[in-house]
Amino acid sequence: MDPRQVAEHLRLYQELGVTGISRDARWRSREVAIEPEEVTGTPAAGTILSLQEIREDIGDCTRCKLHTLGRKQIVFGVGNPNADLMFVGEAPGADEDVQGIPFVGRAGQLLTKMIEAMGFGRDEVYIANVIKCRPPENRNPDPDEVERCEPFLFKQIDSIQPKVIVALGAFAAKALLKTQDPISRLRGRVYDYHGAQLIPTFHPSFLLRSPNQKKYAWDDLKKALALLDRQPPRQPSESA
Ligand code: URA
């Protein structure tokens, strides 16, 4: 790795309050659940669809006005369809709209580092947004856009069946928990979401503006690790 990248990683870890990194490879390893073969045919109501079927259902979506407001493409989601850990953000920004992948811009780079600080790679978790199309000028999604789009997120969660969902920011937390409480009130606790444990935390864009809050986000991510029976990075003296 480039020494500048190493220095940047260490700076982030320091801001997060990570106190050490284990050299023990075992805490990175995880079992990947093997899902049963998909059964083909028309799904009955309430049937759990595969991610591919959900993507096909979205199609070249015209269900809300965002398709007329300059979106380049639908940003569906990315990662392991059997992930135990899922991250949910708000809506794609300009970079995501161009690449068709969630969280690839500046906030996305921070999210990637947070995921790596937890001991995961981006390809081991699943990342999606409440809204699949970019709102113009990065405005907040309108309620009618949320109403049309959020069912697809709910179906993605039903399909993936993650053990832990990290809701990034107020928007995702409010959509999943159906509450109007601010993120400052919601975070710090674990909620049940359809059998998954939901942890609201600050959105990476907020953390870019308020780096002194990163330590609280790291507390939330450590909670997610504990729920997954994973060790947070340990003091070097504790490692093998
Ligand atoms: N912010 C989000 O909420 N989602 C993205 O995909 C990118 C930035």
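We count ligands from 1, going down the list as the structure has it; atoms in each ligand are counted the same way.
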Find all atoms of ligand 1 within a distance of less than 4.0 Å from any non-hydrogen atom belonging to [X], and give their numbers and elements.
X    : result
E90  : 2 (C), 3 (O)
P102 : 6 (O)
G89  : 3 (O)

Inset, instruction - Give a yes or no on whether I54 and V75 share a hydrophobic cluster (residues Ile, Leu, Val, Met, Phe, Trp, Tyr; joining criterion: side-chain heavy atoms under 4.5 Å apart). - result: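 I54 and V75: separate clusters.
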Legend entry - Single-linkage hydrophobic cluster I165~Y126, side-chain heavy atoms < 4.5 angstrom: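 Shared cluster, yes.
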Legend entry - Within 45° cone and under 6.0 Å: R122 NZ/CZ vs F87 ring: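 The answer is no, since R122 fails at least one limit relative to F87.
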Inset, instruction - Using the salt bridge (Lys or Arg N to Asp or Glu O under 4.0 Å) rule, collect all pairs that involve residues 159-169, keeping only residues at least two apart or in two chains. - result: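 Passing the test, one end in residues 159-169: D84-K163.
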Legend entry - Region of E96 engaging ligand 1 - heavy atom pairs below 4.0 Å: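 Side chain only; the backbone of E96 stays clear of ligand 1.
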Inset, instruction - Determine whether the side chain, the backbone, both or neither of A91 has a heavy atom under 4.0 Å from any heavy atom of ligand 1. - result: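 Only the backbone of A91 comes within reach of ligand 1.
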Inset, instruction - Could you say whether the N/O atoms of A107 and ligand 1 ever approach to under 3.5 Å? - result: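 It does not: no N or O of A107 is found under 3.5 Å from an N or O of ligand 1.
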Legend entry - Distance from atom 4 (N) of ligand 1 to nearest protein heavy atom, with residue and atom: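 Scanning the protein heavy atoms, the shortest distance from atom 4 (N) of ligand 1 goes to N129 OD1, 2.8 Å.
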Report all side-chain donor-acceptor pairs from residues 88-98 shorter than 3.5 Å, counting only partners two or more places apart or in another chain.
residue : atom : partner : partner atom : Å
E96     : OE1  : G93     : N            : 2.9
E96     : OE2  : V104    : N            : 3.0
E96     : OE2  : G105    : N            : 3.0
D97     : OD1  : K72     : N            : 2.8
D97     : OD1  : Q73     : N            : 3.3
D97     : OD2  : K72     : N            : 3.2

Inset, instruction - Please check if any side-chain donor atom of Q109 sits under 3.5 Å from a side-chain acceptor atom of T112, or the reverse. - result: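 Judged by distance alone, the side chains do not pair up.
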